[in-house]
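All remarks here apply to the structure that follows.
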Amino acid sequence: MSFSDRDYTNAEEMDLVEWSKDDTHAFGELYERYVTRIYNYCFYRTGNQHDAEDLTARVFMRALKHITNYDDRGVPFSAWLYRIAHNLVANWHRDNSRRKIIPLDDFLTSKVEMDAPEDVTERLDEEQHLMVSVNGLPEDRQQLLFLKFVERLSNAEIGEIMDRTEGAIKSLYHRTLSSLHDDLISRGLGPLKALGRKKERQRQKKNS
Amino acid sequence: MSINHNSKDDRIEDLLSDHAAEILNGTANIESLLNKYGLSKDAPEAMLMVLAERVFDALPQVEPSPDFVKALYHDLVGSTDINLREWLRQLQIENLNINQTLDRLRQMQLVQLDRLPNLRQLPRRTQFQLAAGLTLAGVVYVASRVRRESGGILSSFLPTAIGTPTSTVEQIDKSATA
């Protein structure tokens with residue numbers, strides 16, 4: 001098939017990957033399909049827009065450079081892309097030695113714009129505590145929470161990205177929630193208490 | 001919580017997985033799920049489920065800035081497509097599918113410029129070598145044009161100035177005939 005016969009918008013992902021080896025337009029289509037997901041991954045792993053943009057750019061530059069080496073051996077393109085992102089984020093943490101110091105202001109403030117002013121401080125406080133606990137988790141557990149709740153992937157899909165079985169992902173999810181819970185309790189912050197306040201606020205909003 | 005795996009752990013893992021799926025579908029109901037698994041609403045797993053909902057609330061999807069997305073596309077693919085996109089957008093044609101239109105343009109082979117290699121991605125040294133090479137080629141080209149043109153000018157003067165045996169004979173013949 002010549003370049004001119006290619007329907008990039010409706011093409012299957014595997015076709016785009018093959019075409020991308022000598023056709024930048026095909027890679028452009030893959031980029032458009034994945035840029036938001038990779039950006040989200042980098043954003044939640046670094047905690048700020050600037051580094052997220054820098055890492056996202058590096059992920060796609062590296063993918064473009066190495067796409068000729070990509071060979072589908074049961075690993076989907078998305079998993080390959082996430083593995084590149086994972087390696088670059090890991091390097092970023094190592095180079096900057098700031099894994100534990102993650103500014104959370106960017107997304108915490110952007111999320112509360114729609115809330116009533118009296119709720120903002122309390123909610124920021126709750127979520128900041130929760131995010132500090134999440135960022136204190138080992139890398140694989142943070143990655144799992146991100147892929148499950150931000151990317152909304154199934155256990156099987158997460159397993160492909162993290163190179164583990166579906167059962168192992170279920171088990172890791174259980175252990176992740178348990179350790180997160182233990183961490184919050186040890187800091188005097190119970191999740192039930194937080195949810196109780198949230199539901200109470202929702203009830204008040206409904207009544208008013 | 002126990003790390004050793006047994007059937008109870010399996011059940012809890014299944015419960016938490018089902019709950020996570022419900023969160024993503026927007027249908028999470030902790031009490032009914034606990035009931036389905038034969039657990040009371042005070043079971044310790046209930047707290048983990050509440051915590052999962054809190055984590056989900058705290059991790060919304062974020063959007064990269066459109067300027068960043070556009071600039072990176074430009075760096076990866078080239079400028080033609082992004083400029084065409086912008087141009088098509090500015091036309092504000094009703095029901096225009098920009099992606100499909102771009103595909104058609106590509107099929108008509110109107111969009112080929114961005115297949116040129118992205119020079120900005122080359123190493124700085126290679127960029128200098130390329131620039132030097134192009135300059136040298138330019139100088140050689142200009143020099144050859146000047147030489148050809150000046151050669152042409154001289155040759156147009158040559159017959160008049162020096163004459164040629166043929167032209168002289170022809171002139172003699174002409175004068176003899178006359």
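Contact annotation for A:Leu145: both backbone and side-chain heavy atoms come within less than 4.5 Å of a heavy atom of chain B. Of the atoms belonging to A:Asn40, heavy atoms from both backbone and side chain fall under 4.5 Å from chain B. Heavy atoms closer than 4.5 Å to chain A are found in the side chain of B:Ile23, but not in its backbone. Neither the backbone nor the side chain of A:Thr176 comes within contact range of chain B; no heavy atoms are under 4.5 Å apart. Heavy atoms closer than 4.5 Å to chain B are found in both the backbone and the side chain of A:Phe60.
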**OP:** Check step by step if side chain to side chain contact (heavy atoms under 4.5 Å, CB included) holds for A:Lys148 and B:Val55.
**Re:** CA-CA 10 Å; A:Lys148 191 174 265 300; B:Val55 174; over 6 Å; no

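For the pair A:His86/A:Tyr41, a side-chain contact is recorded, criterion being any heavy-atom separation below 4.5 Å from C-beta on.
Using a 4.0 Å cut-off between charged side-chain N and carboxylate O, A:Glu166 and A:Lys170 make no salt bridge.
Counting non-hydrogen atoms of neighbouring residues, nucleotides and ligands closer than 6.0 angstrom, the CD atom of B:Gln61 exceeds 12 such neighbours.
Checked by atom type, the side-chain pair A:Glu151/A:Tyr82 shows a donor-acceptor distance below 3.5 Å.
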